[in-house]
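The sequence lines fix the lettering, A, B, ..., with proteins before strands; numbering per chain opens at 1.
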Amino acid sequence: MRRLTREFFARDAVCVARALIGARLVREVGGLRRVGTIVETEAYAGPEDRACHARFGRTAARRDLFGPPGHAYVFLVYGMHLCFNVVCASEGEGHAVLVRGVEPDGPGDARGDGPGRVTRALGIGREAGGVDLVTSTALYLAEQAGSPRVVAVSPRVGVGYAGDHAERAWRFFDPASRSVSRPPAGQIGLGLADPTRPTRRG
DNA sequence: GACCGGATTATG
DNA sequence: ATAATCCGGTCA
């Protein structure tokens with residue numbers, strides 16, 4: 001199973017979010033190995049993106065977000081759920097991809113539909129924050145094994161406060177998977193076209 | 001030092 | 001529909 005490289009993550013968050021669908025997320029701690037295939041992601045594209053935590057600037061709490069690509073950025077939402085992100089682009093840009101859904105690709109694999117369920121299913125805690133996913137043996141990403149997947153796009157979930165940025169179709173998911181946080185709605189765009197282009201709401 | 005509001009989920 | 005439950009950003 002070939003691991004994803006630094007170069008893979010050193011791209012715009014939208015590109016990485018799209019490319020991460022079908023990749024394998026591996027958590028190995030205390031001799032216990034948990035794996036899930038990524039079926040849903042969202043891109044958060046730095047300080048200009050009004051939905052991205054980078055909009056607060058380079059504070060202590062966002063240190064990992066502004067760190068080098070390929071590292072983990074983990075944060076707590078609503079006082080109870082952890083969200084796992086992969087830092088993208090280059091150091092200081094504050095780009096990240098949120099993993100919102102993983103599905104089993106074999107017996108014993110993990111399933112989680114929704115960011116909070118993903119971290120719980122894989123046993124990703126706050127200690128995972130700042131981990132280098134390119135070199136760590138405890139938490140890393142690997143290439144997809146199976147065939148290429150159809151990737152759908154939609155606006156991101158739960159970012160209604162972000163003004164016009166809320167409309168950007170920066171959520172990517174496998175519409176055939178049952179492990180996506182929200183079932184594919186009627187009019188979704190297919191990621192076969194340029195994923196960086198925003199789509200209209202239906 | 002308060003106060004507010006989340007990149008959510010479980011339950012009624 | 002609504003509660004649960006931290007914590008950082010914001011403003012005093």
Side-chain angles (χ1 to χ4, degrees), chain A residues 9 12-21 23 25 36 38-67 69 71-89 93-103 110-131 133 139 141 151-174 177-185 188 191 195-196 198-199 201:
Chain A
F9 301 111
D12 181 88
V14 177
C15 296
V16 176
R18 166 63 182 82
L20 234 30
I21 300 297
L25 178 55
I38 297 175
V39 293
E40 181 181 352
T41 61
E42 278 176 0
Y44 289 86
E48 308 309 311
D49 178 2
R50 302 316 290 163
C52 184
H53 288 172
R55 69 186 185 278
F56 298 123
R58 208 166 178 163
T59 68
R62 316 296 164 199
R63 186 188 59 216
D64 296 334
L65 174 58
F66 282 96
H71 289 239
Y73 166 55
V74 176
F75 67 90
L76 183 71
V77 267
Y78 296 102
M80 56 194 85
H81 304 294
L82 292 174
C83 292
F84 169 76
N85 300 254
V86 183
V87 176
C88 304
E93 288 201 68
H95 279 226
V97 171
L98 170 67
V99 177
R100 295 185 53 93
V102 294
E103 76 175 6
R111 160 158 49 233
D113 54 334
R117 290 174 176 150
V118 167
T119 52
R120 189 158 54 87
L122 290 171
I124 297 173
R126 308 162 97 105
E127 75 284 351
V131 164
L133 304 168
L139 186 62
L141 291 131
V151 177
V153 301
S154 84
R156 293 171 291 183
V157 175
V159 297
Y161 56 84
D164 54 321
H165 287 271
E167 302 169 17
R168 308 245 171 139
W170 284 354
R171 171 174 175 249
F172 301 87
F173 60 100
D174 177 353
S177 174
R178 89 174 201 214
S179 299
V180 294
S181 65
R182 296 191 166 187
I188 52 173
T196 63
T199 63
R201 312 268 287 150

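In summary, the side chains of Tyr161(A) and Arg50(A) do not present any donor paired with an acceptor at a separation below 3.5 Å, with no hydrogens or angles considered.
A 3.5 Å limit on both hydrogen-bonding distances identifies no Watson-Crick or G-U partner for dA7(B). When both distances must be under 3.5 Å, the Watson-Crick or G-U wobble mate of dT5(C) does not exist.
Going from atom CZ of Arg111(A) over to atom C1' of dT9(B) covers 17 Å, rounded to whole Å. Atom pair Arg182(A):CZ and dT8(B):P shows a separation of 8 Å (rounding to whole Å applied). Between Phe172(A) atom CZ and dA7(B) atom C1' the separation is 15 Å, expressed in whole Å. Rounded to whole angstrom, the span from the CG atom of Asn85(A) across to the C1' atom of dT8(B) amounts to 14 Å. The CZ atom of Phe75(A) sits 16 Å away from the C1' atom of dT5(C) (whole-angstrom rounding). Rounded to whole Å, the distance from CG on Leu82(A) to C1' on dC7(C) is 12 Å. Going from atom CG of Leu65(A) over to atom P of dG9(C) covers 11 Å, rounded to whole Å. Counting to the nearest Å, the C1' atom of dA7(B) and the CG atom of Asp64(A) are 16 Å from each other.
OP1 and OP2 of dT8(B) both lie 4.0 Å or more from every side-chain N or O belonging to Arg120(A). Contact annotation: Arg171(A) side-chain N/O to dA7(B) OP1/OP2 distance is not under 4.0 Å.
Out of dG9(C), dA10(B), dC7(C), the shortest distance to the side chain of Leu76(A) is found at dC7(C). Listed nucleotides dG9(C), dC7(C), dA7(B) differ in distance to Tyr44(A); the shortest reach to its side chain belongs to dA7(B). Considering only the side chain of Arg100(A), dT8(B) comes nearest among dT8(B), dT5(C), dG8(C).
The pair Arg171(A)-Glu40(A) meets the salt-bridge criterion, with a side-chain N (NZ, NE, NH1 or NH2) lying under 4.0 Å from an Asp/Glu carboxylate O.
For dA4(C), the base is not stacked against the aromatic ring of Tyr78(A), per a cut-off of 5.5 Å between centres and 30° between planes.
By the 6.0 Å and 45° rule, Arg182(A) does not stack over the aromatic ring of Phe173(A).
In this structure, Arg117(A) contributes its side chain and Asp113(A) its backbone to a donor-acceptor pair below 3.5 Å.
In this structure, His165(A) and Val159(A) have side chains that are not in contact, with every pair of non-hydrogen atoms separated by 4.5 Å or more.
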